[in-house]
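Notes for the one structure printed next.
Below, read A as the first sequence line, B as the second, and so on, with proteins coming before strands; counting in each chain starts at 1. This is a predicted model, so every value here is computed, not measured.
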Amino acid sequence: MSTPLLSIKGLTKAYPGVVANDNVSFDIGEGEVHALLGENGAGKSTLVKMIYGLVKPDSGTMSLRGAPYAPPEPRAARADGIAMVFQHFSLFDALNVAENIALGMENPPAMGDLAARIREVSETYGLPLDPFRTVGDLSAGERQRVEIIRCLLQDPKLLIMDEPTSVLTPQEVEILFQTLQKLRSEGTSILYISHKLEEIRTLCDHATILRLGKNVGECTPRETSARDMAEMMVGTALKTPQRAGRAFGEIALDITGLSVPSPSEFGTSLKNLHLTVRKGEVLGIGGVAGNGQDELLAVLSGEILTAADAVKKDGQPVGRMGPTARRRLGLLTAPEERLGHAAAPNMSLTENALLTGSVREGLESNGFLKWAETRDFAERIIKAFDVRTPGPENAARSLSGGNLQKFVIGREVLQNPDVLVVNQPTWGVDAAAAAAIRQALLDLAARGTAVICISQDLDELMEISDTFAALNEGRLSTPRTTTGLTVDEIGLMMGGAHGMEVAHV
Amino acid sequence: MIVLEKRPQPSRAWSMATPLVAVLATMFFGGLLFAALGKNPVEAIGTIFWEPLFGEYAFYYRPQLLVKGAPLVLIAIGLSLGFRAGIWNIGAEGQYIMGAIVGAGVGLAFYPMEAFYIFPLMVVAGALGGWAWAMIPAFLKVRFGTNEILVSLMLVYVAEQLLASMSLGLLKNPEGFGFPGSRNLQSYGSAHNAELIEGSGMHWGVVAALIAVIFAYVLLNRHMTGFHIRLTGEAPRAARFAGVRPARLILFCLGVSGALAGLAGLFEVSGPSGQVSIDFNVGYGFTAIIVAFLGRLHPVGILLAGGLMALTYIGGEIAQGSLGLPAAAIQVFQGMLLFFLLALDLLTNYRIRAARKEVA
C-alpha cells in the first residue's frame, strides 16, 4: 500500500479529570473518505482539533505523506493543506459571501478576482453561490457552502468536516454528498465526523470508531450494518424502543391559527400554526434548527402568551395562562437547552426538581416548601431514570449532558402529564441514554399521554412518532401519518432544499 | 503559568472561608497601608478590632456597635433579596431618608399629644415612606424597562434635597431659634425610640434587624418566593420557565428593600439621631451594599458582616482620635475589605492550578 496521506500514531490528550484521546492511531489514504464515528464525548472533536492545530497532543505523532507533522496553530495546518468545516459556522451576518471569505484569508486578492474564483469553484463543485449575497439572508445549507468554498479555495489535500449534515434537509444532504464525491474523485481526502450511521454507510470508504477516547475498531461501512456500527460505538447491545399498538383517544391539545412574533430579534415568528394531538399519540415535529422550534415550545410552556383560544387543552383555552397554571392542568414541557433553561446550573438536583414539580407533586403548602418531599421526588427521578450522580444534593452542572437530560425529561414524565412537549430530547445524549428517553416517551404515550416531540433527528422522529409534521420558517406543514412517509416527502415538508438548486455535477 | 479551572460545583468550604480570609488579607494589607503612613500597624489594627470590644472604654463602645450595626443589617437584608435576583437597588440611602422624613412627620403631626399608638404609626409610616420611594424605580423598570441602578441612585440626591427642604421648612422646629432641624423626638415620649434596656444600645431598630434576619432566612430557605428569587438570580430563563413573573419579583424585591431602609431611617431619626436635620444621613444606605456582599447575601452572614462593619466604623473613629489616622485611610481600609471579598469570591467557583506545559 502506498504511503497514506495522514498517519496518526498513539495520539493522547488528557484534560483534568478526563482522557479525551487515549493512544489513538489510524491512517487516512489519498482520495479516501474516512469516517470518524463515535458518541458525544467519545473524543472526536479533540482528535480533529489536534489534526487542525488547535490543540496540542500530550504524546503521539502524526505524519503527512511520510513527513512529520505537528502544526503549532491552524494557520500551519492550512499551509500544509488541511482544511476544516466546523459544525458551528463563523460567519458575519452583515457581510456578503466574498467579504466573509476574504476575512479568513492570509492575502486576500482583489474583491473582483475573489468573486470570480468563488463563482468558478462553486460551479465546478456544484455548489451554486452568489458571492455578493449577504450572509444573513442565507439558509443554513448555503452558509455551510460558504464555509466549504472557503476551504476549497485553499486547494486542500485533506478536508475535515464536523457533523456537516446536522443542519441540512435531506435534499441538501444529497447535494453535499455529490460535492464530496466529486472531491474524492479528484484525489482530495475527507475526514468525515458524524454519528449518523446511514450517511456514513452511503458516503465513506473506511471508518474509525472511537469510544471514551479509545480507538475501538475499524470497519468498511458499506459492508457493516448500521446496527453493528452502533454497537461498536456504544459498546453494548442496543435496545430498540418498543412501541405497543395503541388506539388514540380524544384530542388533548389543539392549536388553531396561532401566529406569534418572536420575542427575540433573531428568532423566528410562528405563522398561522394548526395542530392537534390526541391522547396516546406521539406527534413528531421535524425541521432544521431555528425554524421556530424554540418559539413553539415557549408558546406551549406558557413563557410566551398568545390569544386565549389559540391554544386549547381538552377544549379549555390556555393561551393566556402562565407556566404554573398550565402545569396544574397537566400540560408539561421540557425545553431544549438543559443548562440555564430547563435547569439552573448552580442549583442542586433537589432544587431543580422543585423548579417544575412544585404544583403537581404538592411540594409546597401556602407557599412554604416541603424540602423532604422535594428530595424524595428528586431521588425518585434519579432512580427511575438511572441518572448517574452521587445524590440529589449535587449541582445540576456537575452532571454530564446525557444524565442531566435524563433528569430533566424524567422530572416531567414522573409528574404524569396529560400533554408532554419535549424539544430535542436526545440532543447531545449518548445512544444508551437516548434509547431510554425515547422508550420513556413511548411508555408515556401508551398510558394515554399526548406527546409532542420536537427534534432535528429524523431517525428519532421516525422511530417514535405516529404523526409527523415539519417546521419551516415558522410555518408548520400539515401533519401526516408517519408510516409510509418517504425521505423525499419529509424533505419537502422541511422546506426542500431551501430554495437552493440541486447540483448538476 | 497559573490557570483558573471551574469547579464542577461551588465549594462549600471556600464559600464559608472567603469572608474570613478576606478579613485577614485586609488586616495584612491595611497594616501595610498604616505602616506606610508612619503608624505602628499592629497597634492600628489592634485599635480598630480590639478597642471597641475589649478595650478600656468598651462599656461605651459596645452599645455603639448595636446602634451602628442595626441600620446596616436592616438595610442590607432588604438589599440582599434584590441582589440575589439580579435587581440592583443602589438607592437605599434615599429610601432611608424618606422613611425618616415620613415617619418623623407622622410623629410630629401628633405633637404634643401623648398616646401609645403614635410610635407604631410612625413605624408603619417610615416603612411606607421607604417603600414608596423604592416603588418609583420599580414601577419605571416594570413599565418602561428603565435601569433601576441609575433611577434609584439618582433618587438618593432628590431625597437629600428634600431632607434639606424639610429641615429648613416644613418640619423645622418652631421653637428652635431659627436653627435648621426638626423638634427632637428624644424629648417627645410617645415618639421616642428609646433604649429598651438602659445603656445597652438596644433599641427597636435592633429588634427589627433581628426579625428581618429571621424573616429573610425563612423566606429564602423555606418559601417559594425566596426560591424564585434565588432561581431568577441563578438562571433567569429557567425562572421564567418555572413560572416566575419578573415584574412581580421586581416590585417585591424593591418594595421590601425600600420598606426596610425606610424602617432603618425611622428608627434612627426617632432614636440615636433624634431629629430630622440636613446632615441626618451618614451613608448607611451605601455601606449596607458592602455589608450585603460581605455577608455573601446570606441573612446570617449579613448579621455578622453588619457587626464587622460597625466595628471598623467605631474602631476607625477611635484610631482617628487616638492615633491620628486620617479618615480617608479608614475608608480605604473598608474598601479593601470589599475588594478582597469579591476577589476571593472567585475561589468558590474556580480553583487555581499551575498549568502544565503542553507537549508539542
Side-chain angles (χ1 to χ4, degrees), chain A residues 12-17 55-60 70-72 263 297-298 301-304 321-328 333-335 337-348 351-352 354-359 363-371 374 393-399, chain B residues 1-12 14-15 84-86 145 215 217-249 252 296-297 345-346 348-360:
Chain A
T12 298
K13 174 74 195 176
Y15 291 108
V55 172
K56 284 178 202 151
D58 293 339
S59 64
L297 186 109
S301 71
E303 288 162 279
I304 298 179
M321 289 184 182
T324 312
R326 293 192 194 198
R327 285 191 187 108
R328 195 169 288 127
T333 51
E337 185 67 44
R338 292 182 282 265
L339 286 173
H341 194 182
N346 290 330
M347 289 183 139
S348 72
E351 289 169 307
N352 274 300
L354 181 65
L355 201 146
T356 69
S358 61
V359 184
L363 304 178
E364 61 172 321
S365 64
N366 300 323
F368 284 91
L369 306 172
K370 301 181 183 170
W371 282 121
T374 309
E393 64 284 353
N394 284 274
R397 76 163 195 246
S398 70
L399 267 62
Chain B
M1 223 182 59
I2 292 171
V3 289
L4 286 172
E5 187 184 302
K6 193 157 181 150
R7 294 176 193 271
Q9 50 186 331
S11 158
R12 207 163 256 263
W14 268 113
S15 122
R84 282 251 179 153
F215 161 79
Y217 185 88
V218 172
L219 182 80
L220 287 173
N221 291 290
R222 298 260 174 251
H223 199 273
M224 205 63 189
T225 307
F227 178 70
H228 283 165
I229 287 174
R230 289 191 291 133
L231 188 59
T232 304
E234 290 282 351
R237 239 182 125 199
R240 269 197 303 285
F241 176 60
V244 177
R245 294 186 199 168
R248 243 185 221 194
L249 207 66
F252 177 81
R296 329 207 80 260
L297 305 182
D345 221 24
L346 193 83
T348 313
N349 276 310
Y350 291 85
R351 68 177 114 228
I352 295 176
R353 242 173 212 277
R356 282 178 306 172
K357 272 249 161 153
E358 297 203 58
V359 186

Grab the two heavy atoms, one from A:Gly340 and one from A:Pro345, that are nearest each other, plus how far apart they are.
-> N-CD, 3.8 Å
Under 3.5 Å, side chain of B:Trp14 to main-chain N/O of B:Arg351, donor-acceptor pair present?
-> no
Under 4.5 Å to a heavy atom of chain B? For A:Glu337 that would be side chain
State, to 0.1 Å, how close A:Lys13 and A:Pro57 come at their nearest heavy-atom pair, and which atoms those are.
-> CD-CA, 4.3 Å
Enumerate by number any residue of residues 225-232 of chain B whose heavy atoms lie under 4.5 Å from heavy atoms of chain A; in the absence of such residues, state 'none'.
-> B:Phe227, B:Arg230, B:Leu231
Do side-chain atoms of A:Asp58 reach the backbone of A:Ala14 as a donor and acceptor pair under 3.5 angstrom?
-> yes
How far apart are the closest heavy atoms of A:Asn352 and A:Ala396, and which atoms are they?
-> ND2-CB, 3.4 Å
At a heavy-atom separation under 4.5 Å, does A:Asn394 approach chain B through its side chain, its backbone, both, or neither?
-> both
Measuring heavy-atom distances to chain B, does A:Ala343 have an atom under 4.5 Å in its side chain, in its backbone, in both, or in neither?
-> backbone
Side chain, backbone, both or neither: which part of B:Val218 has a non-hydrogen atom closer than 4.5 Å to chain A?
-> side chain
Does any heavy atom of chain B fall under 4.5 Å from the side chain of A:Thr333, the backbone, both, or neither of them?
-> both
All heavy atoms of A:Pro323 vs all of B:Phe241, minimum pair found to be CB-O, 3.5 Å
Just by distance, do the side chain of B:Arg84 and the backbone of B:Leu297 share a donor-acceptor pair under 3.5 Å?
-> yes
Nearest atoms (heavy-atom pairs only) where B:Arg240 meets B:Pro246 = CG-CG, 4.1 Å
Do you know which two heavy atoms are closest between A:Leu339 and A:Arg397, and how far apart they sit?
-> CD2-CA, 4.1 Å
Proximity breakdown for A:Arg327 and chain B, heavy-atom pairs closer than 4.5 Å | side chain
Can you tell which of A:Leu399, A:Thr324, A:Leu355 has the highest number of heavy-atom pairs within less than 4.5 Å of chain B?
-> A:Leu355
With the side chain counted from C-beta on, respond yes when A:Leu369 and A:Leu354 share a heavy-atom pair under 4.5 Å apart, and no when they do not.
-> yes
If you tally heavy-atom pairs under 4.5 Å between each of A:Glu364, A:Met347, A:Lys370 and chain B, the highest tally belongs to A:Met347
